[in-house]
Each structure stands twice: as structure tokens, then as C-alpha cells.
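Below is one structure, written out as C-alpha cells, with a few remarks after it.
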Amino acid sequence: MFNTIEEYLDGLKSEMKECDAALIQDAQADAREHLSVALEAAREKTPEVSEAEALKAIIEEYGTPDETAVRLSGDREAPLRLP
């Protein structure tokens, strides 16, 4: 489980380690924006829920780092690789 957005981004970077650096950077920026906006909205809606619990629910919808890497590559078997 990822307790912070930074932990998620580290996981995404690890899953995409063989990808082009620009693709990794773009994927991390997109994930950071999505997770940050969703987390802010969740915390406003339900302030009694911890940040970690809110983030867990958001990641269940958005996808794990592995799922995100696969989704970006369009390959159901493995993350996007450099040619």
C-alpha cells in the first residue's frame, strides 16, 4: 500500500525503469496531478478520513503503478520498454 503520492510515484518510476526518461517524467507528472487533485477533493469531502486511506481508495480507481505502466504501454503483459 502506498501512504503518500511520493511513494506511488517511486513505484511508478520503478515499474517503468526500462522506459524512456521523458515518458517516465510525463507519466509521473500526470499521476502526480491526478492523485493530488483527487486527494484534495477527497479530503474536502471527507476530512475525517486519513490521507493514506483516501489515497488508497483513489489508487484503487486510478490503478497501481504496475497497472498504470501497463496501461501507458498498451501492453497487457509488461510495462513499456525501450526499443
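We count residues from 1, following the sequence as given.
- The two residues I24 and M16 come nearest to each other via the heavy atoms CD1-O, 3.1 Å.
- L35 has its side chain within reach of I58: a pair of non-hydrogen atoms, C-beta onward, lies under 4.5 Å apart.
- In this structure the side chain of M1 reaches within 4.5 angstrom of the side chain of E53, judged on heavy atoms.
- In this structure the side chain of V70 never reaches within 4.5 angstrom of the side chain of E15, judged on heavy atoms.
- In this structure, T68 and Y8 have side chains that are in contact, with non-hydrogen atoms separated by less than 4.5 Å.
- Judged purely by atom type and a 3.5 angstrom limit, T46 uses its side chain to pair as donor or acceptor with the backbone of A42.
- A donor-acceptor contact shorter than 3.5 Å is absent between the side chain of Q25 and the backbone of A22.
- Distance check: R32 CZ to I5 CD1 gives 7.5 Å after rounding to the nearest 0.5 Å.
- For the pair D30 and H34, the minimum side-chain heavy-atom distance is 4.5 Å or more.
- When all heavy atoms are compared, the tightest approach of L12 to A69 is CD1-N, 4.2 Å.
- Under a 3.5 Å cut-off, the side chain of E40 and the backbone N or O of S36 do not form any donor-acceptor pair.
- Here the closest heavy-atom approach between residue A27 and residue L72 is recorded as CB-CD1, 3.4 Å.
- Residues Q28 and K13 approach most closely at NE2-CB, 3.5 Å, considering heavy atoms.
- Crowding of E51 atom CD: a count of heavy atoms from other residues, nucleotides or ligands under 6.0 Å not exceeding 12.
- A cation-pi arrangement is present between R71 and Y62, with the terminal nitrogen or guanidinium carbon under 6.0 Å from the aromatic centre and inside a 45° cone about the axis.
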